[in-house]
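Worksheet for the structure shown next.
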Amino acid sequence: MTTPTGPLSGIRVLDLTSVLFGPYAAQMLGDWGADVIKIEPPSGDTWRYTGVFRNRGMSGQFMAVNRNKRSLALDLKHPDGKAALARLIPTVDALVTNVRPAAMARLGFGYGDCAKLNPRLIYAAATGFGQDGPWAARPAFDEIIQAASGLASSIGSDEEPEFVPSLIGDKICAMAMVGAVSAALFRRERTGQGQMVEVPMLETIAGFNSIEMLGGHAFDPPIGPTGYKRMKNRRPVKTKDGWLTMLPYSGDNWCAFFEAVGRPDLSDELGVRDPVLRSQNIDKVYDRMSEIGPTRTTAEWEELLLRLDVPHTAFARLTEIGDQPHLAAVGLFADIDHPTEGRIRQARPATKFSESPAGIHRMAPRLGEHSREVLREAGLSDAEIESLVANKAVGAP
């Protein structure tokens, strides 16, 4: 373990989340320096057991969103477990939860309950649906949100929707949560006031998707169809020996490209000088790119496109992502020695702060690894802690 140096160093966060949306948000707060205490049931976060692992309860997926945290295993259905959490709440700056708000209220840890214990608390609720709407009590998972937000329709079509093959809803909402918590902490520093923050997945993803996908329905009444035509037509370009994506971006850029590949006639045929005509003809543009692509190798294309200053890249395979030239040069992926799980590979925090660098200062914890340590910091005596462990209100190795 190293001392956190990020801009949130000195901030203390209770992480009452599981699976992906909440844990990823809490991990980013930890990457940025916060002391994050992960509260887990005695059985552990279910994400511990999802995916590939060397030791049960320590999957690669779990470790990817739970570093820079300490684990306290608490049974919040046990009165002593609840009492222990109540002792912790006054000691923290923020509490992040993706337990449904009604369930948190039944446990006695709704926003009102927690604000009485700590008026300066930032209480951040990761919800599936805004709590002021008719779906407030419904459970939500990534594919539910992709379906309900219109994202699956925009990826496929209204007639045959498709899911993005990534838990993109959870991850986007996690980033929104980090911004919201940071903003609320900033306001508290100016006013002294805590507050409740809610990040609902459906509203967040529907708004995110609407930016380009409303299309003509961004006007009232609509002046055209929904969708963004280029998104439906863009596709990888097959080269002589692999795949490439390339995108000339201005009229001059397109004309220089077609001139260089010996097809200056296409500049007029496709109307690429005019951004409106180019957009209308984008399906034809991509058809021509597919015809031109196999005339050169990927390396030959890259040499030409660099000379023309045309945005492009070869495709990185997931199995070789650490070798992608730029990512390798900046050292995004690091091989790290975990004290119990051996050598693991993770992406370091991508965001850079010039004066307060983010970083990995603590490996993902084993279940209940820090239970005694955290409770001792909250003022409980060793005898009290051992009684909680003996009564199974607290889990500790």
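Since the structure is predicted, the reported quantities are computational estimates derived from the model, not experimental observations.
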Given side-chain contact (heavy atoms from CB on, under 4.5 Å), test T204 with F21 step by step and report yes or no. CA-CA 12 Å; T204 301; F21 172 4; over 6 Å; no
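- The existence of a salt bridge linking E386 and R372 is confirmed by a sub-4.0 Å separation between a basic side-chain nitrogen and an acidic carboxylate oxygen.
- Atoms CD1 and OG, from I39 and S71 in turn, are 8.0 Å apart once rounded to the nearest 0.5 Å.
- For K38 (side chain) and T17 (main-chain N/O), a donor-acceptor pair under 3.5 Å exists by modelled atom type.
- Checked by atom type and distance alone, the side chain of Q324 pairs as donor or acceptor with a backbone atom of L327 at under 3.5 Å.
- Contact check on R188 versus D93 returns a salt bridge, with a Lys/Arg side-chain nitrogen under 4.0 Å from an Asp/Glu carboxylate oxygen.
- Connection of L380 to L72 is established within a shared hydrophobic cluster, with ILVMFWY side chains joined at heavy-atom distances below 4.5 Å, either directly or through further cluster members.
- The stretch residues 92-148 participates, sequence neighbours left out, in these ring pair (Phe, Tyr, Trp, His ring centres under 6.0 Å) pairs: Y111-Y123, F129-W135.
- Between T5 and P357 the shortest heavy-atom distance is OG1-O, 2.6 Å.
- Taking a cutoff of 4.0 Å between a charged side-chain nitrogen and a carboxylate oxygen, R67 and D31 qualify as a salt bridge.
- Between D265 and R263 there is a salt bridge, since a side-chain N of the basic residue sits under 4.0 Å from a carboxylate O of the acidic one.
- L277 approaches G271 most closely through the heavy-atom pair CB-O, 3.5 Å.
- For the residue pair G128 and A140, the shortest heavy atom distance occurs at CA-CB, 3.5 Å.
- Sorted by first and then second residue, the pairs that involve residues 326-378 and meet ring pair (Phe, Tyr, Trp, His ring centres under 6.0 Å), not counting sequence neighbours, are W32-F353.
- Within the 3.5 Å criterion, the main-chain N or O of G179 finds no donor-acceptor partner in the side chain of S182.
- Under a 4.0 Å N-O distance rule, the pair D283/K229 qualifies as a salt bridge.
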List the steps and the verdict of salt bridge (Lys or Arg N to Asp or Glu O under 4.0 Å) for R235 and D287. CA-CA 10 Å; R235 52 191 178 271; D287 286 342; 2.6 Å; yes
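- Distance CZ/R348 to CD1/I336: 11.5 Å, rounded to 0.5 Å.
- What you find for L367 and P41 is that their closest heavy atoms are CD1-O, 3.8 Å.
- Classification of E373 and R376 as a salt-bridged pair fails, no side-chain N sitting under 4.0 Å from a carboxylate O.
- Between the D337 side chain and the R343 main chain, no donor and acceptor come within less than 3.5 Å of each other.
- P248 and N253 get closest at one heavy-atom pair: CA-OD1, 3.2 Å.
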Step-by-step side-chain contact (heavy atoms from CB on, under 4.5 Å) determination, R12 to I37: CA-CA 8 Å; R12 192 171 164 97; I37 301 165; 3.5 Å; yes
Hey, mind stepping through L185 and E189 against side-chain contact (heavy atoms from CB on, under 4.5 Å) and telling me if it holds? CA-CA 6 Å; L185 286 168; E189 292 308 300; 5.7 Å; no
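- Between V36 and A26, the closest heavy-atom pair is CG2-O, 3.6 Å.
- Qualifying ring pair (Phe, Tyr, Trp, His ring centres under 6.0 Å) partners for Y24, counting only residues two or more places apart in sequence or in other chains: none.
- The distance from atom CG of D170 to atom CE of M177, rounded to the nearest 0.5 Å, is 11.5 Å.
- The pair E269-K284 fails the salt-bridge criterion, with no side-chain N (NZ, NE, NH1 or NH2) lying under 4.0 Å from an Asp/Glu carboxylate O.
- With hydrogens and angles disregarded, no donor-acceptor distance shorter than 3.5 Å links the side chain of T226 to the backbone of L214.
- T239 and T297 are not linked by any side-chain donor-acceptor pair at a separation below 3.5 angstrom, with hydrogens and angles left out of the test.
- With salt bridges taken as basic N to acidic carboxylate O contacts below 4.0 Å, one links K69 and D15.
- Under a hydrophobic clustering in which Ile, Leu, Val, Met, Phe, Trp and Tyr are joined whenever their side-chain heavy atoms come within less than 4.5 Å, directly or via other members, L14 and V96 fall into different clusters.
- Side-chain atoms of Q195 never come within 3.5 Å of backbone atoms of I122 as a donor-acceptor pair (strictly under, hydrogens ignored).
- A side-chain N or O of E341 and one of N55 form a donor-acceptor pair less than 3.5 Å apart.
- Two residues are said to be in side-chain contact when any heavy atoms from C-beta on lie closer than 4.5 Å; T340 and R366 meet this criterion.
- In terms of modelled atom types and a separation under 3.5 Å, the side chain of S371 and the main chain of G368 share a donor-acceptor contact.
- The main-chain N or O of A393 is never found under 3.5 Å from a side-chain atom of N391 such that the two would form a donor-acceptor pair.
- Side chain of Q146 to main chain of L151: no donor-acceptor pair is present (N/O by atom type, distance under 3.5 Å, no hydrogens or angles).
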Can you check side-chain hydrogen bond (donor to acceptor under 3.5 Å, both in side chains) on Q193 and R187, steps first, answer last? CA-CA 8 Å; Q193 293 179 321; R187 181 180 184 274; 3.1 Å; yes
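- In this structure, E369 does not pair ionically with R70, as no charged nitrogen and carboxylate oxygen lie closer than 4.0 Å.
- With rounding to the nearest 0.5 Å, the separation of CZ in R288 from OG in S290 is 10.5 Å.
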Output, in order, the C-alpha distance, side-chain angles, deciding distance and verdict of side-chain hydrogen bond (donor to acceptor under 3.5 Å, both in side chains) for N209 and S154. CA-CA 8 Å; N209 191 52; S154 63; 3.2 Å; yes
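- Here the OG-CD distance, from S153 to E162, works out to 10.5 Å after rounding to the nearest 0.5 Å.
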Working for salt bridge (Lys or Arg N to Asp or Glu O under 4.0 Å), residues R48 and E40: CA-CA 11 Å; R48 285 182 175 275; E40 301 185 68; 2.7 Å; yes
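- The hydrophobic cluster containing L304 also includes V237, L244, M246, L247, W254, F257, F258, V261, L266, L270, V272, I282, V285, Y286, M289, I292, W301, L305, L308, V310, under a criterion of side-chain heavy atoms closer than 4.5 Å among ILVMFWY residues, counted directly or through chains of members.
- One finds a salt bridge joining D268 and R273 here, because a Lys/Arg side-chain nitrogen approaches an Asp/Glu carboxylate oxygen to under 4.0 Å.
- Side-chain heavy atoms closer than 4.5 Å link hydrophobic residues (I, L, V, M, F, W, Y) into clusters, and following such links, possibly through other members, connects L167 to M63.
- Summarising the local packing, CD of E160 is surrounded by 12 or fewer heavy atoms from other residues, nucleotides or ligands at distances under 6.0 Å.
- Counting only residues at least two apart or on different chains, no ring pair (Phe, Tyr, Trp, His ring centres under 6.0 Å) pair has a member in residues 151-184.
- Here the side chain of S387 pairs no donor or acceptor atom with the backbone of A383 at under 3.5 angstrom.
- Annotation: ring pair (Phe, Tyr, Trp, His ring centres under 6.0 Å) contacts involving residues 43-93, sequence neighbours excluded, are absent.
- At most 12 heavy atoms of other shown residues, nucleotides or ligands fall within 6.0 angstrom of atom CZ in R190.
- Criterion: ILVMFWY side-chain heavy atoms under 4.5 Å apart, direct or through other members. Under it, M104 and L121 are part of a common hydrophobic cluster.
- Connection of L29 to M363 is established within a shared hydrophobic cluster, with ILVMFWY side chains joined at heavy-atom distances below 4.5 Å, either directly or through further cluster members.
- Separation of atoms CD1 (I205) and CD1 (I168) is listed at 7.0 Å; rounding is to 0.5 Å.
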